[in-house]
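Input: a single structure, listed below in structure tokens.
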Amino acid sequence: MSFRARHLLGIEHLAPDAITEILDLAERYVDFNRRTVKQSDALAGMTQINMFFENSTRTQASFELAGKRLGADVMNMAMAQSSVKKGETLIDTALTLNAMHPDLLVVRHGASGAVNLLAEKVNCAVLNAGDGRHEHPTQALLDALTIRRAKGRIQRLTVAICGDIQHSRVARSNLLLLGKMENRVRLIGPPTLMPSGVAEFGCEVFDDMKAGLQGADVVMMLRLQKERMDGGFIPSEREYFHRYGLDAEKLSHAKEDAIVMHPGPMNRGVEIDGTIADDINRSVIQEQVEMGVAVRMACMDLLARNLRAERGAKASEVME
Ligand code: NCD
């Protein structure tokens, strides 16, 4: 096994062969999920707790289904109604849950680094379901699986990531993963939404869609993350769509067989034209959602194996 970690906190520390191992196992779960009866015992007897401090539709549903199909006992904490609202700190909440012996904690939090901090305080496996602008590793992995299935490989491709790069953990995790797998990454967006020093990641930066999309194999659109903006980053949504929104004209500069991706939730008419998003010949947005469940099953399956190996080793030490 190549993926030997206790937690999945980001793409940053994943080796290329660990990424390949996750994608290969996920591929098997894609077939499994298409069966009528989808029940495995990979996580049987294990407890999974989902803690989402930020809103989520697909990521939370995806982790919940993934855990259930693997046979775990899954609990969704309703964070809006939890003691966090009474002033309890993230660490105290984590320690409280830890005392109930969960095996997997799936955490989404608005602060970058919060999930790493939490992972240091608990005895179980922690999966980062998105922390602030930092990382969203399962999104990058599901994007990689979607690309690999559409293009037949996840190497030597030109991938354009477009829009609100500055506030996007999806962009950051994808940039790291695509770089590790030796792809060419282009970032396209207005200078106000482009983090400084981003070229150090070895990508090309554009502020013009036409130039940036030239010859791209993959066009990945990002949501304009208004909830993370505290000032005037764009003149108006109308103007933004005009310059950066993906429509047929802009897409015509990419390769003829380029695929269109979006992590969701989409703002139709802001970063993407509705007809492009719904075009089954170009858009793989629904496949991304399907791959999400399979990738999360693969990640949790591998983490559970690591957990069992770690605890098995400890148990035998105690026996001696
Ligand atoms: C993304 C996220 O939460 O970072 N969504 C997702 O997980 N599918 C992107 C976004 O919110 O725009």
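Side chains are part of it too, since the values below use all heavy atoms of this structure and drop only hydrogens, waters and symmetry mates. First listed ligand is number 1; within each ligand, the first listed atom is number 1.
- Within ligand 1, counting atoms from 1 as listed, the ones closer than 4.0 Å to a heavy atom of Thr59 are 6 (C), 7 (O), 8 (N).
- Ring planes of Tyr240 and Tyr244: tilted class, angle from 30 to 60°.
- Near Gln139, the atoms of ligand 1 lying under 4.0 angstrom from a non-hydrogen atom of the residue are 6 (C), 7 (O), 8 (N).
- Counting non-hydrogen atoms of neighbouring residues, nucleotides and ligands closer than 6.0 angstrom, the CD atom of Gln39 exceeds 12 such neighbours.
- Separation of atoms CG (Leu193) and CG (Leu224) is listed at 6.5 Å; rounding is to 0.5 Å.
- On a distance-only criterion, Pro265 and ligand 1 share no N/O pair closer than 3.5 Å.
- In terms of protein heavy-atom proximity, atom 5 (N) of ligand 1 is nearest to Gly264 O, 2.9 Å.
- For atom 12 (O) of ligand 1, the nearest non-hydrogen atom from the set Glu135, Arg223, Glu227 comes from Arg223.
- Using a 4.0 Å heavy-atom cutoff, Glu54 is absent from the residues neighbouring ligand 1.
- More than 12 heavy atoms of other residues, nucleotides or ligands lie within 6.0 Å of CG in Asp17, so this atom counts as buried by the packing criterion.
- Not a single heavy atom of Gly130 lies less than 4.0 angstrom from ligand 1.
- With Arg153 contributing its side chain and Arg156 its backbone, the two residues share a donor-acceptor pair below 3.5 Å.
- Within a 6.0 Å radius of CZ in Arg308, more than 12 heavy atoms belonging to other residues, nucleotides or ligands are found.
- At most 12 non-hydrogen atoms from other residues, nucleotides or ligands lie less than 6.0 angstrom from CD of Gln286.
- Residue Val170 has no nitrogen or oxygen atom sitting less than 3.5 Å from a nitrogen or oxygen atom of ligand 1, judged on distance alone.
- Heavy-atom proximity to Arg58, at under 4.0 Å, picks out these atoms of ligand 1: 8 (N).
- Heavy-atom neighbours of Arg238 CZ from other residues, nucleotides or ligands within 6.0 Å: at or below the threshold of 12.
- Taking a cut-off of under 4.0 Å to the non-hydrogen atoms of His136, the atoms of ligand 1 that pass are 2 (C), 4 (O), 6 (C), 7 (O).
- At the top of the distance list for atom 4 (O) of ligand 1, counting protein heavy atoms only, stands Arg169 NE, 2.7 Å.
- Taking a cut-off of under 4.0 Å to the non-hydrogen atoms of Pro263, the atoms of ligand 1 that pass are 8 (N).
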